[in-house]
Protein chains: 2
Amino acid sequence: MATTDQPHGKRARRREQIEGEILRVAREHLALHGAAALSLRAIARDLGMVSSGIYRYVESRDDLLTRLIIDSYRSLADAVFAAHDAVDANDLDRRWATIGFALRQWALDQPHDFALIYGSPVPDYQAPADRTAEAGTAVLGLLLRLLQDAHDQHRLTPVDEALDRALDDESLDDLAVTATALSGAPPSDAVRAVGPMLAEPFFAGISIGSAALARGLAAWTLLLGAVTSEVFAQLGPVPDADALFRLHLDVARSLILLPAQSSTGLSTAVFTA
Amino acid sequence: MATTDQPHGKRARRREQIEGEILRVAREHLALHGAAALSLRAIARDLGMVSSGIYRYVESRDDLLTRLIIDSYRSLADAVFAAHDAVDANDLDRRWATIGFALRQWALDQPHDFALIYGSPVPDYQAPADRTAEAGTAVLGLLLRLLQDAHDQHRLTPVDEALDRALDDESLDDLAVTATALSGAPPSDAVRAVGPMLAEPFFAGISIGSAALARGLAAWTLLLGAVTSEVFAQLGPVPDADALFRLHLDVARSLILLPAQSSTGLSTAVFTA
DNA sequence: AGGATAAGTGAGCACCGCTCTTGAAATTTC
DNA sequence: GAAATTTCAAGAGCGGTGCTCACTTATCCT
């Protein structure tokens, strides 16, 4: 009965290194030519190994894509969290703006990575949710925390606003199923209700009511739509993309945050300087 | 000097027919397997011609893709216009809801077509704007007309709302360049300012001010983001996707339309029945 | 009728994902 | 330490792809 479960000899070390190199070269190719042009043979060639050799490390092309997707989610989450955590936690407007700008900048810096996770799903297969869910929800979880803090500071856009009146009760009830706030509801129900993408850890301690969470989702959708529109150039060449994005970001902010007493337009002004 | 410019013999007729069949089969394959799996050889095989023969009719794979993109834009525009034009022109809320639901239904019915035009751009190349611009802007033009009508009926969400206050003057000026309303500006400037996607014919007779147009763009972005989110399953499996979409649609509506006196929630109620 | 033009054919190039066999190396077991 | 076992590199090969080219045949135009 040896104590070592996993091997650790020179072979294992070498394997780990090669796996890392494969992922590194794959990310290079992805950044240069996009996911569609990603070729296992080309990666193997770059690494000086024979084409079939790469299948010792990668199960299939889809498998490699899945790893890249997870990696991209992590990269995005790291960028957004780093930016967000460097901001005064009490400045809700700035936190929202920071999340938005960090997401946008990350997407513009590595458009192929963005396309990988928020563009059209690859060919037939769709990323196995069980491998991408955890990494994919991080940013959304951050938004939830922001909503919770806004709730605690009484800065949430109130429910009786115009846009909520337009939602009749039935719709709101439906939403309570779809995007339930889960105030007090056990996390297991959360997973069932909103699906694996919005899973357990992010709903812990969140209690903001279904309407607020619904508007949070709308803000998120608008933010993501704005970034998508810009990265994919859906409106053609836009002269002042910055201004357009600031508009979208501010509209989205207005869906969740009441304007602070002192500063209006702060979230944009901060980044205009 | 013959009077006929284009040939019309039995050869031309046959060519026209074959071109149509190629597009038809291509659309079949697209619907079944998606754009990434589209193969010229397979199409040629289905048509009983030898693989190289298809290059007499199609310049390249990208060329066929471009035709499919244009076709998809047309198909989408047809669907949205047909639904929209069957609605009372004075009922602005219902017109907006109809546009949104028609877009969503079209996207859900043919997700691969939707991915083709609103998903990640194909491999390296991006669709030549000069061939896709006209078809691509139709729906956006419809939204502009709706905004203009709202303006004329004094139903536009006013400029001094909270979300506009947040936009400082500088931002609004930037936007006036980006998404200028072009009140009175010559169409040639319009093309230069907003790019080929928002080209001449759609700005004829539009005079709603830059702020309203900016909010119109935000509404459009949110709508498109909502459809993208659903078609690409970006939030994972959502139990009540209908309710979530109605929420997004209503939030987007609130960005451009003041609630009518009599009916709140009408736009959703209409389609809930 | 005859030359120009267009369409169909098949071979071929370079690439792709992926599988299988074979021999060498590293590791584990005895 | 030697044998058995697992892991890996390498190569050949299958069927698929986009695309080109030379060649024949059919249609068109004068």
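Naming convention: chains lettered A, B, ... in sequence-line order (proteins, then strands); numbering from 1 in each chain. Just so you know, these numbers use all the heavy atoms, side chains as well, and skip hydrogens, waters and symmetry mates.
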Can B:Arg74 and B:Asp113 be counted as an ion pair, charged N to O under 4.0 angstrom? no

Going by number, which of residues 21-31 of chain A have a non-hydrogen atom under 4.0 Å from DNA chain D? none

Counting heavy atoms from C-beta on, name the nucleotide in D:dA9, C:dC18, D:dC28 closest to the side chain of A:Ile18. D:dA9

Classify the side-chain pair A:His84/A:Thr98 by whether it contains a donor and acceptor separated by less than 3.5 Å. no

Distance col, row A:Ile69:CD1 vs A:Leu116:CG, nearest 0.5 angstrom, shows 4.5 Å

Looking at C:dA26, C:dA6, C:dT9, which one has an atom nearest to any side-chain atom of B:Arg15? C:dA6

For DNA chain D, which residues in residues 53-60 of chain B have a heavy atom at a distance below 4.0 Å? B:Tyr55, B:Arg56, B:Ser60

With a 4.0 Å cut-off on heavy atoms, is A:Arg45 in touch with a base, just the backbone sugar-phosphate, or nothing at all? sugar-phosphate

Testing C:dA11, C:dT27, D:dT27 for proximity to the side chain of B:Ser52, the answer is C:dA11

Should we count CD of B:Glu19 as having more than 12 external heavy atoms under 6.0 Å? yes

Classify the side chain of B:Arg41 and the base of D:dG16 as holding, or not holding, a donor-acceptor pair under 3.5 Å. no

State which residues pass salt bridge (charged side-chain N to carboxylate O under 4.0 Å, His left out) with B:Arg56; sequence neighbours excluded, sorted by chain then number. none

What is the separation between atom CG on A:Leu40 and atom P on D:dA9, rounded to the nearest whole Å? 15 Å

Let's see if you can work this out: which of D:dC19, D:dT17, D:dA26 has an atom nearest to the side-chain heavy atoms of B:Arg11? D:dA26

Using a 3.5 Å distance criterion without hydrogens, assess whether the side chain of A:Thr221 forms a donor-acceptor pair with backbone atoms of A:Leu217. yes

With DNA chain D as reference, determine whether B:Ser39 or A:Gly48 sits nearer its 5' end, using the nearest nucleotide of each. A:Gly48

Look at the aromatic rings of B:Tyr118 and B:Phe114 and report parallel, tilted or perpendicular, splitting at 30° and 60°. tilted

